[in-house]
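Below: the structure, in structure tokens.
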Amino acid sequence: MKTLFIVVPCYNEEEVLDETTKRLNDKLNNLIKMKKISSQSKVLYVNDGSKDKTWELIKVIHNNNSMFWGLSLSRNRGHQNALLAGLMTAKEYADIIISMDADLQDDINAIDEMIEKYNEGSEIVYGVRNSRKKDTWFKRNTALAYYRFLKFMGVDIVYNHADYRLTSKRVLNELEKYGEVNLFLRGIFPLIGFKHDVVYYERHERFAGKSKYPLKKMLHFAWDGITSFSIKPIKMVLSIGIIIFVVSLFVMVYSLIVKLLGFTVSGWTFIVCSIWLLAGVQMLSIGLIGEYVGKIYSETKHRPRYIIDETLKENQNKSK
Ligand code: UDP
Ligand code: MG
């Protein structure tokens, strides 16, 4: 039977932790009773440098119930890093790992279906919310625009999926090879590949407390999503440079014609030609340098170049 670990990053979540613990406890016990997961399964809370009593609470929970484990970071490192810390720790003990938020926005009843999909052979199961009715108009529309923009930038992500997902131990072993510092996990998992599936769920409102993602953090995160995965912005600079350069050739011809026809004041042709030509050449040069910067950027991330799913070969087992 497979061992499941549920990884839950927590930042100032003292108001929700008791309820989350109660519900996750019921859920896990239920799954164990139905023999869907092993009795070694756990919940791993990751305290992301909380300033309230979150860590004290996690310690109490752990002392009362050995099904709940805790991990505390030295300081606040942000949701994605906290999640990574939890995933990397959990994979040492578990066969399957589910990540979810502490605030009970992710419907924990989707876990059953996720495990089913895993048993059917999927290595990654993405939790996808089936509507954004509960979101504000602003959040719903900015999110939609953002997903569209990411797609346009060539970033492969699962629409309406946040960080509620099931992964196999094997997938996390591959994730470990991604050495990047600016983490945007939901962009990395599709890159890892393997057989995957989707589970739809209703996203609830936060059980208690306030969102730990204020607009500023959100924008920062959104920007990371683009700049950690796409060098298209740099390529755009080069394209604009080429366009301006080509236009400048037309402008030169045009201004020469205007000059020959005698419609200009003296000096105009020279100034107009200089401006266009110089701007074009400069933009082109910046774009060209950018191409190399983009290459350096991709190289420094040391992402794995390929991941093998299966190999078929002769049985080379030499033991007699
Ligand atoms: N979180 C974290 N570190 C942070 C910010 C958030 O570990 O610096 C956790 C938080 O405790 C929660 C999850 O990340 O479990 C998602 O945060 P939140 O629910 O506030 O985001 P929202 O759902 O509003 O986008
Ligand atoms: Mg939330």
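Start at 1 and go down the list; that is how both ligands and their atoms are numbered.
- Note on residues 42-62: no pairs pass salt bridge (charged side-chain N to carboxylate O under 4.0 Å, His left out), not counting sequence neighbours.
- Between the CG atom of Leu172 and the CG atom of Leu87 there is a distance of 5.5 Å, given to the nearest 0.5 Å.
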All N/O donor-acceptor pairs, side-chain side in residues 268-291, below 3.5 Å, sequence neighbours left out:
residue : atom : partner : partner atom : Å
Ser274  : OG   : Phe270  : O            : 2.6
Ser285  : OG   : Val281  : O            : 2.6
Glu291  : OE1  : Lys235  : NZ           : 3.3
Glu291  : OE2  : Lys235  : NZ           : 3.3

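- The structure places NZ of Lys295 at 9.0 Å from CD of Glu299, a figure rounded to the nearest 0.5 Å.
- Protein contacts to the Mg ion (ligand 2) involving N, O or S atoms at a distance below 2.8 Å are Asp103 OD2, Gln105 OE1.
- Ring geometry for Phe221 against Phe184 counts as tilted: the plane angle lies between 30° and 60°, on a 0 to 90° scale.
- When each of Thr21, Ile6, Val7 is tested with Tyr45 by the rule side chain to side chain contact (heavy atoms under 4.5 Å, CB included), just one qualifies, namely Thr21.
- If you look at ligand 1, the protein residues with a non-hydrogen atom under 4.0 Å away are Pro9, Cys10, Tyr11, Glu13, Asp48, Asn76, Gly78, His79, Asp101, Ala102, Asp103, Gln105, Lys139, Arg203, Arg206, Ser211, Lys212, Tyr213, Lys217.
- Hydrophobic clustering of Ile, Leu, Val, Met, Phe, Trp and Tyr side chains at less than 4.5 Å, counting indirect connections, keeps Val8 apart from Phe5.
- For the pair Asp95 and Lys2, the salt-bridge criterion is not met [side-chain N within less than 4.0 Å of a carboxylate O].
- Salt bridge status for Lys212 with Glu13: present, with a side-chain N to carboxylate O gap under 4.0 Å.
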